[in-house]
Amino acid sequence: MTITTVRGVRDILPEEMVVWHALEQSARQIFTAYGYREIRTPLFEKTELFARAVGATSDIVEKEMYTFSDRGGDSLSLRPEGTASVVRSFIENNLHRSLPWAVYYMGPMFRYERPQKGRYRQFHQMGCELFGAEGPLADAEMMAMILRLLRTLQIDDSLTLEINSLGCGTCRAPYREGLFAFLQARQEQLCDNCRQRLQRNPLRILDCKNEGCRAIARQAPAMKDALCVGCADHFSGLQALLDGMGLPYTVNPLMVRGLDYYTRTAFEVTTTALGAQNAVAAGGRYDGLVAEMGGQAVPAIGFAMGMERLALLLEGKRAGKSGQVGNYLVAVGDAATRQALLLAEEWRAAGVPLQMDWLGGSLKAQLRRADRAAASQVLILAERELAERAVLVKDMRDGGQRLLPWEEVAAVLGALR
RNA sequence: GCGAAUGUAGCUCAGUUGGCAGAGCCCUGGAUUGUGGAUCCAGUUGUCGUGGGUUCGAGUCCCAUCGUUCGCCCCA
C-alpha cells in the first residue's frame with residue numbers, strides 16, 4: 001500500500017506555485033507599502049493561548065483544534081488562526097512601548113474540519129495586525145488595503161465588503177441579554193441548531209441561513225440601535241471615511257464573527273464564486289483582547305485572508321504559465337558533456353542564468369525538453385563546437401542560431417541579468 | 001458530526017440486460033544518423049480505490065471501508 005497524504009491536506013505542486021507566488025508577492029508589496037512588517041510566530045503554541053484568545057466555547061477551540069501532549073506533558077495545539085500568537089508575541093516582547101506596531105504574517109493554519117473545496121485541514125492564511133490605533137481611521141485604511149490587494153490581483157469582481165459593529169464590553173452585554181429574551185420567547189420557531197445556540201451564543205443565531213431563523217433575526221433588536229455613544233461614533237466615523245474614499249460596502253447588521261474576541265468593527269469580504277466557502281477575507285477590531293491576555297490595555301485591529309480561496313479565484317483568471325528558464329545547455333557526447341559542466345559553472349559564476357539538460361541523450365530529445373522547459377535560448381555543445389571552443393546558440397522563438405566562442409558567452413548572455 | 005454524489009491508464013473520461021479493459025491527451029521511438037514546436041507512423045501505458053459477498057463468470061449487482069466532491073455545520 002502506497003503512502004498518501006492525510007485527509008484534508010495536500011501538496012501544492014510547482015505548476016500551482018505560480019499563482020501562489022503572485023499572491024505572496026503582491027501581498028508582501030502592498031502590506032509593506034502600508035507600513036506593515038513581517039512576523040513569523042511558531043506553528044504551535046500552548047493550548048491555553050487559543051482557548052483564552054479565540055474563546056473556550058468557540059467551535060474552533062471546542063472541536064477543531066489539533067491538540068496533543070508533548071513529552072513533557074504540556075498540552076499544545078497547532079495554530080488554528082494567526083491573531084492569538086501575534087497578540088501573545090506583542091505582550092511577551094513588551095511591544096506596548098513601541099506603538100504603533102503593525103505586522104503581517106502568512107503561513108499554514110490547522111483546523112480539524114470536514115474538507116471541502118476551498119477548505120482544508122492544513123490551509124494558509126495571510127493577515128495583518130495593527131496595535132495602538134483606536135480611531136476608525138485604522139479600520140477604514142485596513143479595508144482600503146485589502147481591497148487594493150484584491151484589485152491588484154484582479155479578483156475584485158464578484159466580491160463584496162460587508163461591515164458591522166459588534167459593540168464593546170459596555171454595550172454588548174445588555175444587548176445580548178435583550179436579544180436572548182427576544183429569541184427565547186420565539187424558541188419554538190427556531191431551527192434545532194439555533195435552539196442549542198440560544199444558550200451558548202445567541203448572537204450567532206443572527207446569521208443562521210435557515211429561512212425561519214432569518215425572518216426572526218430581521219425582527220430582532222439590532223445591535224446598531226444598542227451601541228453606546230463611543231461605539232456609535234466609531235461606526236459612523238468609519239462609514240464617513242469609507243464614503244470619503246469611495247469604497248463600496250454594505251452594512252450587514254446580521255453579520256457576526258465566529259471568534260469571541262471581536263469588538264466594534266467587524267468586516268468580511270465575500271465572493272459568489274466559491275460556493276459555500278464564500279469568505280475570502282475577514283477581520284475586525286479587538287480592543288479588549290490584549291488586556292484580557294494579560295497585557296496593557298491596547299486597542300488593535302486585524303484581518304486574515306484565506307490563501308487557498310484566493311488561489312482558486314486567481315486560477316480562474318490567469319493562464320498560469322509555469323516558470324521559464326532563460327538559457328538551456330545541451331551537450332552531446334561524453335567529452336562535450338564533461339566540458340559543458342565546467343563551462344556552465346564558469347558562466348554561472350559570471351552571472352549567466354543557465355539550466356543544464358540533466359538527462360542527456362540525443363540532441364533531438366534534449367531540444368524537446370528545452371522546449372518543454374520554455375527555454376528562450378539553447379546553448380548546444382557537441383563535437384564540432386568542442387573542437388572550435390564555441391557553442392551554438394539557438395533562439396527558440398525564431399529558430400535562428402549563431403556560433404559563439406566560449407570566452408564571449410558571459411559577456412553576451414550575462415548582460416541579460 | 002449529518003445528508004448526497006462519485007472513484008476505470010500520468011491527465012480528462014467512455015465502458016450496453018453481468019461475457020476478452022477502451023478513446024483522446026501526455027510520454028517514448030521513427031519519418032529527419034546534429035535541431036524543439038506542426039504533421040504522419042509505431043509503441044508503453046491498468047492491483048478497474050480497497051476488502052468481502054452473489055455468480056459458471058463482476059469494471060458492471062450487494063455489503064463494508066477509504067479518498068474526493070457538493071450541501072449542512074463552521075469558517076479564511
Side-chain angles (χ1 to χ4, degrees), chain A residues 1-2 4-10 13 15 23 54 58-65 79-83 105-127 146 191-194 196-197 201 204 207-210 255-259 267-271 274-284 302-313 328 330-333 336 357 359 361-386 392-401 403:
Chain A
M1 200 59 177
T2 54
T4 58
T5 56
V6 168
R7 177 175 208 179
V9 311
R10 65 192 199 105
L13 296 171
E15 286 71 26
L23 214 58
V54 179
S58 66
D59 278 26
I60 290 177
V61 169
E62 243 178 18
K63 49 188 194 193
E64 294 176 1
M65 279 211 297
R79 63 182 188 188
E81 58 104 53
T83 301
Y105 60 84
M106 50 182 73
M109 308 290 167
F110 306 85
R111 290 182 200 171
Y112 190 87
E113 292 185 279
R114 191 72 185 262
Q116 255 178 56
K117 192 182 193 69
R119 187 172 82 184
Y120 303 96
R121 289 184 172 178
Q122 174 176 338
F123 61 105
H124 297 77
Q125 285 187 340
M126 52 192 189
I146 293 167
C191 68
D192 293 349
N193 236 308
C194 284
Q196 285 169 16
R197 282 175 176 154
N201 196 348
R204 291 219 62 89
D207 66 353
C208 179
K209 286 173 188 163
N210 180 288
M255 182 179 70
V256 178
R257 305 284 323 133
L259 287 65
F267 60 93
E268 208 170 88
V269 179
T270 57
T271 175
L274 294 179
Q277 271 57 57
N278 64 350
V280 166
F303 74 91
M305 314 178 96
M307 295 178 72
E308 276 79 4
R309 293 177 188 181
L310 292 174
L312 282 170
L313 292 174
Y328 194 98
V330 158
V332 183
D357 186 283
L359 305 187
S362 70
L363 179 60
K364 185 190 180 81
Q366 296 194 60
L367 274 171
R368 188 162 46 225
R369 281 193 290 272
D371 184 55
R372 276 202 295 263
S376 51
Q377 299 190 99
V378 176
L379 282 59
I380 299 170
L381 186 72
E383 270 180 54
R384 283 209 297 265
E385 291 78 13
L386 192 59
L392 193 61
V393 179
K394 181 183 174 81
D395 186 307
M396 293 298 273
R397 260 180 263 280
D398 59 23
Q401 22 187 68
L403 204 59

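Below, chains carry the letters A, B, ... as their sequence lines are ordered, and counting in each starts from 1.
- When rounded to the nearest whole Å, the span between CD of A/Gln366 and P of B/G34 equals 13 Å.
- Residues that satisfy the side chain to side chain contact (heavy atoms under 4.5 Å, CB included) test with A/Lys117, not counting sequence neighbours, are A/Leu312.
- Evaluation of the side chain to side chain contact (heavy atoms under 4.5 Å, CB included) rule for A/Glu383 yields no partner, not counting sequence neighbours.
- Remark: P of B/C75 and CZ of A/Phe123 are 12 Å apart, rounded to the nearest angstrom.
- Rounding to whole angstrom units, CG of residue A/Leu386 and P of B/G34 are separated by 16 Å.
- When the salt bridge (Lys or Arg N to Asp or Glu O under 4.0 Å) test is applied to A/Glu385, no partner is found at least two apart in sequence or on another chain.
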Query - Reading 5' to 3' through nucleotides 6-13 of chain B, protein heavy-atom contacts under 4.0 Å coded B for base, S for sugar-phosphate only, - for none - result: --------
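- Residues passing the salt bridge (Lys or Arg N to Asp or Glu O under 4.0 Å) test with A/Arg384, sequence neighbours excluded: none.
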Query raised in the report: Dot-bracket for RNA chain B, 5' to 3', with Watson-Crick and G-U pairs under 3.5 Å, [ ] for crossing pairs and | for other-strand pairs: what is it?
Result: (((((((..((((.....[..)))).(((((.......))))).....(((((..]....))))))))))))....
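- Residues satisfying the side chain to side chain donor-acceptor pair (under 3.5 Å) test with A/Glu308, not counting sequence neighbours, are A/His124.
- For the atom pair A/Phe303 CZ and A/Thr83 OG1, the distance stands at 10.0 Å (nearest 0.5 Å).
- Remark: A/Phe123 CZ to A/Glu81 CD distance equals 9.0 Å, nearest 0.5 Å.
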Report each atom pair, protein N/O against N/O of nucleotides 35-40 of chain B, whose distance is under 3.5 angstrom.
residue: B/U35; atom: O2; partner: A/Lys394; partner atom: NZ; Å: 2.8
residue: B/U35; atom: O2; partner: A/Gln401; partner atom: OE1; Å: 3.4
residue: B/U35; atom: N3; partner: A/Gln401; partner atom: OE1; Å: 2.9
residue: B/U35; atom: N3; partner: A/Gln401; partner atom: NE2; Å: 3.3
residue: B/U35; atom: O4; partner: A/Gln401; partner atom: NE2; Å: 2.9
residue: B/G36; atom: OP1; partner: A/Lys364; partner atom: NZ; Å: 3.4
residue: B/G36; atom: O2'; partner: A/Asp371; partner atom: OD2; Å: 3.4
residue: B/G36; atom: N1; partner: A/Met396; partner atom: O; Å: 2.6
residue: B/G36; atom: N2; partner: A/Asp371; partner atom: OD1; Å: 3.0
residue: B/G36; atom: N2; partner: A/Met396; partner atom: O; Å: 2.7
residue: B/G36; atom: N3; partner: A/Asp371; partner atom: OD1; Å: 3.4
residue: B/G37; atom: O4'; partner: A/Asp371; partner atom: OD2; Å: 3.2

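- Taking atom NZ of A/Lys117 as the reference point, atom P of B/C72 lies 16 Å away to the nearest angstrom.
- Going from atom CE of A/Met255 over to atom P of B/C75 covers 12 Å, rounded to whole Å.
- A/Gln366 CD to A/Leu359 CG: the interatomic distance, rounded to the nearest 0.5 Å, is 8.5 Å.
- Here A/Pro115 pairs with A/Arg7, A/Arg121 under the side chain to side chain contact (heavy atoms under 4.5 Å, CB included) rule; sequence neighbours left out.
- Taken to the nearest 0.5 Å, the CD atom of A/Gln401 stands 4.5 Å off from the NZ atom of A/Lys394.
- Counting any heavy atom pair closer than 4.0 Å across all strands shown, A/Gly361 reaches no nucleic acid atom.
- Distance check on atom C1': B/A76 versus B/A38 gives 46 Å, rounded to whole Å.
- When the P atom of B/C73 is taken as reference, atom CG of A/Asn278 falls 11 Å away, rounded to whole Å.
- The distance from atom CD of A/Gln116 to atom P of B/A4 is 16 Å, rounded to the nearest whole Å.
- Nucleotides B/A14 and B/A9 have their P atoms positioned 12 Å apart, rounded to a whole Å.
- Atom C1' of B/G7 sits at a distance of 6 Å from the matching atom of B/G49, rounded to the whole Å.
- Partners of A/Glu113 by salt bridge (Lys or Arg N to Asp or Glu O under 4.0 Å), not counting sequence neighbours, listed by chain and number: A/Arg119.
- In this structure, the CG atom of A/Leu312 is 15 Å from the C1' atom of B/C75, given to the nearest Å.
- For A/Arg79, the side chain to side chain donor-acceptor pair (under 3.5 Å) partners at least two apart in sequence or on another chain are A/Thr41.
- Separating the CZ atom in A/Arg111 from the CD atom in A/Gln122 is a distance of 13.0 Å, to the nearest 0.5 Å.
- For the C1' atom pair drawn from B/U17 and B/C13, the interatomic distance equals 24 Å after rounding to whole Å.
- In terms of heavy-atom proximity, A/Ala304 sits nearest to A/Gln125 at CB-OE1, 3.7 Å.
- A distance of 11.5 Å separates CD1 in A/Ile380 from CG in A/Asp357, rounded to the nearest 0.5 Å.
- Taking the C1' atom of each, B/U60 and B/U55 are spaced 13 Å apart, rounded to whole Å.
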Each nucleotide N or O in nucleotides 1-3 of chain B that has a protein N or O under 3.5 Å away: list the pair and distance.
residue: B/C2; atom: N4; partner: A/Arg114; partner atom: NH1; Å: 2.7

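- Both A/Glu81 and A/Val6 lie near RNA chain B, and the one whose nearest nucleotide falls closer to the 5' end is A/Val6.
- Distance check on atom C1': B/G29 versus B/C66 gives 40 Å, rounded to whole Å.
- Between B/G22 and B/G59, the two P atoms lie 13 Å apart (nearest whole Å).
- Spacing of P atoms, B/G71 relative to B/A64, comes out at 26 Å, to the nearest Å.
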